[in-house]
There are 2 protein chains.
Amino acid sequence: MPTSYGQFCPVAKAMEVLDERWTMLVIRELMMGSRHFNALRRGVPKMSPALLSKRLHMLVRCGVVERHRDGARITYHLTEAGRELEPIVVALGRWGIRWIDQLGEEDLDPHLLCWDIHRNIDLEAVPDGRTVICFRFSDNAVAASARAWWLVISGDAVDVCDFDPGHDVTVTVDTTLRALTQVWRGDISWPAAVRSGLLTLRGETYAQRALPRWLKLSSLAGTPRPVRVPA
Amino acid sequence: MPTSYGQFCPVAKAMEVLDERWTMLVIRELMMGSRHFNALRRGVPKMSPALLSKRLHMLVRCGVVERHRDGARITYHLTEAGRELEPIVVALGRWGIRWIDQLGEEDLDPHLLCWDIHRNIDLEAVPDGRTVICFRFSDNAVAASARAWWLVISGDAVDVCDFDPGHDVTVTVDTTLRALTQVWRGDISWPAAVRSGLLTLRGETYAQRALPRWLKLSSLAGTPRPVRVPA
DNA sequence: CAGTATCCAGTTGGATACTG
DNA sequence: CAGTATCCAACTGGATACTG
């Protein structure tokens with residue numbers, strides 16, 4: 001159990017449960033619908049499995065998460081208390097996107113970005129048959145093996161690959177990891193990124209036009225940003 | 001600067017700033033109106049001054065707090081970004097009071113409780129002249145020196161004393177630290193506490209009747225609690 | 001798949017004392 | 001008043017390997 005603040009204040013009691021490192025991100029993943037240990041890991045890849053396990057158990061003890069055995073598999077769910085954290089997590093995200101707008105190099109992660117993008121493809125908008133989108137990152141900082149990613153969309157399935165799956169590519173996006181991350185977050189609009197050359201498209205003309213409608217961006221991308229009064 | 005989660009997710013970026021131990025409580029105190037270092041300390045007495053100083057500087061670097069020199073004195077204020085955390089802090093408090101209803105012995109603190117109560121006296125409701133309220137805690141766990149507290153209300157000033165200020169006492173509340181804390185938090189209603197004998201009043205009859213209107217309770221006391229379905 | 005086990009380096013933060 | 005300085009014990013959490 002986390003260390004007490006020695007205060008009866010409800011904010012303090014809440015933060016005892018919620019302010020340990022990683023905890024809020026685990027809750028976020030549960031809200032995104034991850035149910036299994038390794039599914040959760042994908043959302044917090046930099047967290048060690050031992051620590052994830054520890055946090056899950058803590059959250060169970062604190063009444064935020066329930067652990068069930070579903071046949072051989074083990075599943076995690078938010079309790080009612082956990083579900084009531086949703087508006088708080090959303091508000092934290094909104095606050096974060098409004099006020100923490102400087103991303104460091106260490107915040108950029110091609111794997112996480114492609115995973116997020118793949119979860120938010122608008123399947124209604126993508127044509128039938130197979131569509132392959134390829135992202136190419138020109139950043140030197142990105143490991144050579146993580147410079148190209150493929151999204152393979154067919155029917156209602158979307159797969160992410162960090163290797164060439166061998167299919168014809170419908171459209172290729174040449175960009176930097178930072179630029180695509182900023183577009184995903186809504187820090188830069190898609191047209192602005194294309195106009196300024198941060199993002200270049202190649203491939204089928206119809207696909208170049210339709211691509212912005214296939215990718216739905218982060219649910220927080222539309223958050224209004226603070227109006228900065230020039231000094 | 002706090003350690004990065006290595007994620008561009010806005011929730012992660014927000015939590016980098018906010019999830020360090022004590023941070024949210026410092027922000028809460030700033031929202032309550034504390035402006036000076038030692039005023040802040042009163043709200044987080046179990047935090048060492050070194051750590052409070054460190055957190056304040058971190059919050060300044062992260063754009064949540066501004067530090068001003070006001071003549072000889074130094075003041076801290078929330079920035080616009082900091083003020084936008086208010087709904088989050090309130091929501092955390094609401095969540096905390098709904099779901100973390102078990103208070104440990106270590107959460108009870110007579111000093112903090114009397115300080116909170118003194119900040120929330122309804123001066124309009126208290127008669128003119130001097131009114132003295134005495135709280136007496138019968139708990140063995142409470143240090144002998146912290147078993148009796150006096151609130152001295154005169155005009156628009158309220159003073160808290162942990163020693164007998166020597167005035168005639170208008171009304172005395174005999175209770176336990178836990179019971180008064182629960183009443184303050186709204187876990188138990190005042191009438192219920194009196195009825196069950198958790199709280200006994202002595203002194204002027206008018207004052208016994210009026211006391212619940214003099215003390216305003218925590219702003220979260222009215223939070224609706226989850227309906228627990230009996231198992 | 002769903003974790004545990006172990007180890008250890010590094011950090012955190014509590015206690016205490018001190019300063020301009 | 002508004003902090004710094006110092007010390008150190010304890011804990012945290014990262015890395016890695018392993019298990020039923």
Side-chain angles (χ1 to χ4, degrees), chain A residues 1-7 12 15-27 29-30 33-62 65-77 106-107 109 112, chain B residues 1-7 12 15-26 29-30 33-62 65-77 106-107 109 111-112:
Chain A
M1 197 96 336
T3 335
S4 166
Y5 279 118
Q7 299 201 355
M15 289 315 281
E16 284 177 16
V17 178
L18 301 173
D19 74 1
E20 285 182 308
R21 195 168 152 76
W22 292 109
T23 298
M24 224 40 144
L25 305 193
V26 173
I27 292 171
E29 284 308 302
L30 287 162
S34 294
R35 293 266 156 287
H36 300 285
F37 193 84
N38 286 331
L40 289 166
R41 285 199 68 183
R42 242 175 272 125
V44 282
K46 304 222 165 94
M47 190 180 190
S48 77
L51 192 52
L52 173 56
S53 172
K54 187 174 163 186
R55 284 289 182 277
L56 285 167
H57 283 294
M58 182 274 286
L59 287 169
V60 169
R61 278 206 314 286
C62 294
V65 166
E66 268 172 9
R67 185 181 195 268
H68 290 292
R69 186 174 301 277
D70 177 19
R73 305 201 71 184
I74 282 168
T75 62
Y76 297 93
H77 303 261
E106 65 283 1
D107 297 323
D109 181 325
L112 233 28
Chain B
M1 198 97 336
T3 335
S4 167
Y5 279 117
Q7 299 201 355
M15 289 315 281
E16 284 177 16
V17 178
L18 301 173
D19 75 359
E20 285 183 308
R21 195 167 153 78
W22 294 109
T23 298
M24 223 39 144
L25 305 193
V26 174
E29 285 308 302
L30 288 162
S34 294
R35 294 265 153 298
H36 301 284
F37 192 85
N38 286 331
L40 290 166
R41 284 199 69 184
R42 243 176 270 125
V44 283
K46 304 223 165 93
M47 190 180 190
S48 78
L51 192 51
L52 173 57
S53 172
K54 187 174 163 186
R55 284 289 181 279
L56 285 167
H57 283 294
M58 182 273 287
L59 287 169
V60 169
R61 277 208 313 284
C62 294
V65 166
E66 268 171 8
R67 184 180 195 270
H68 290 293
R69 185 173 303 274
D70 175 19
R73 305 201 72 184
I74 282 168
T75 61
Y76 297 93
H77 302 261
E106 65 283 3
D107 297 323
D109 182 324
H111 198 307
L112 233 28

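Below, chain A is the first sequence line, B the second, and so on; all start at residue 1. The figures that follow rest on heavy atoms only: side chains count, while hydrogens, waters and symmetry mates do not.
The interatomic distance linking A:Leu51 (CG) with C:dT4 (P) rounds to 12 Å, in whole Å. When rounded to the nearest whole Å, the span between CH2 of B:Trp22 and P of C:dG13 equals 10 Å. In this structure, the CG atom of B:Leu40 is 9 Å from the P atom of D:dA2, given to the nearest Å. Taking atom CE of B:Met58 as the reference point, atom P of C:dT12 lies 11 Å away to the nearest angstrom. Here the P atom of nucleotide C:dG3 and the CZ atom of A:Arg35 are 14 Å apart, to the nearest Å. In this structure, CG of B:Leu52 is placed 14 Å from C1' of C:dG14, rounded to the nearest angstrom. Atom CD of B:Glu20 is separated from atom C1' of C:dT12 by 9 Å (rounded to the nearest Å). A:Asp70 has its CG atom 13 Å from the P atom of C:dG3, to the nearest Å.
You'll find the side chain of A:Arg41 stays beyond 4.5 Å of the side chain of A:Met47, heavy atoms only. When side chains are defined from C-beta on, B:His57 counts as touching B:Arg67, because their heavy atoms get closer than 4.5 Å. Here the side chains of A:Ser53 and A:Phe37 are in contact, with some heavy-atom distance below 4.5 Å.
OP1 or OP2 of C:dT4 lies within a sub-4.0 Å distance of a side-chain N or O belonging to A:His57. Residue A:His36 places none of its side-chain N or O atoms closer than 4.0 Å to OP1 or OP2 of C:dC1. Residue B:Tyr76 places none of its side-chain N or O atoms closer than 4.0 Å to OP1 or OP2 of D:dC1. The phosphate of C:dA2 has OP1 or OP2 within less than 4.0 Å of a side-chain N or O from A:Arg73.
Residue B:Arg41 is out of contact with every strand shown, counting any heavy-atom pair closer than 4.0 Å. Counting non-hydrogen atoms under 4.0 angstrom, A:Arg67 reaches the backbone sugars and phosphates but no base. B:Arg55 comes within contact range of the sugar-phosphate backbone alone, with a heavy-atom separation under 4.0 Å but no base atom that close.
In this structure, the side chain of B:Gln7 engages the main chain of A:Gly43 through a donor-acceptor pair within 3.5 Å.
Nearest to the side chain of B:Asn38, among D:dT16, D:dC1, D:dG14, sits D:dC1. The nucleotide whose nearest atom lies closest to any side-chain atom of B:Ser48 is, among C:dA15, D:dG14, C:dG3, C:dA15. Listed nucleotides C:dA15, D:dG3, D:dC1 differ in distance to B:Phe37; the shortest reach to its side chain belongs to D:dG3. Distances from the side chain of A:Lys54 to the nucleotides D:dT12, C:dG3, D:dA15 place D:dT12 closest. When distances run from any side-chain atom of A:Pro49 to the nucleotides D:dG14, D:dT16, C:dC1, the shortest one goes to D:dT16. The side chain of B:Ile74 sits closest to D:dG3 out of C:dG14, D:dG3, D:dG14.
No more than 12 heavy atoms of other residues, nucleotides or ligands shown are found within 6.0 angstrom of NE2 on B:His111.
Ion pair A:Asp109/A:Lys46 flagged as a salt bridge, since at least one NZ, NE, NH1 or NH2 atom sits closer than 4.0 Å to an Asp/Glu carboxylate oxygen.
Comparing B:Ser53 and B:Arg42 by the nucleotide of DNA chain D whose heavy atom lies nearest to each, the residue mapping closer to the 5' end is B:Arg42.
Across the helix from C:dC1-D:dG20 to C:dG20-D:dC1, the helix axis at one end is tilted relative to the axis at the other end by 60° (nearest 10 degrees, each axis from five pairs).
Nearest heavy-atom pair across B:Gly6 and A:Leu112 is O-CD2, 4.2 Å. The shortest heavy-atom contact between A:Thr23 and A:Val17 is CG2-O, 3.7 Å.
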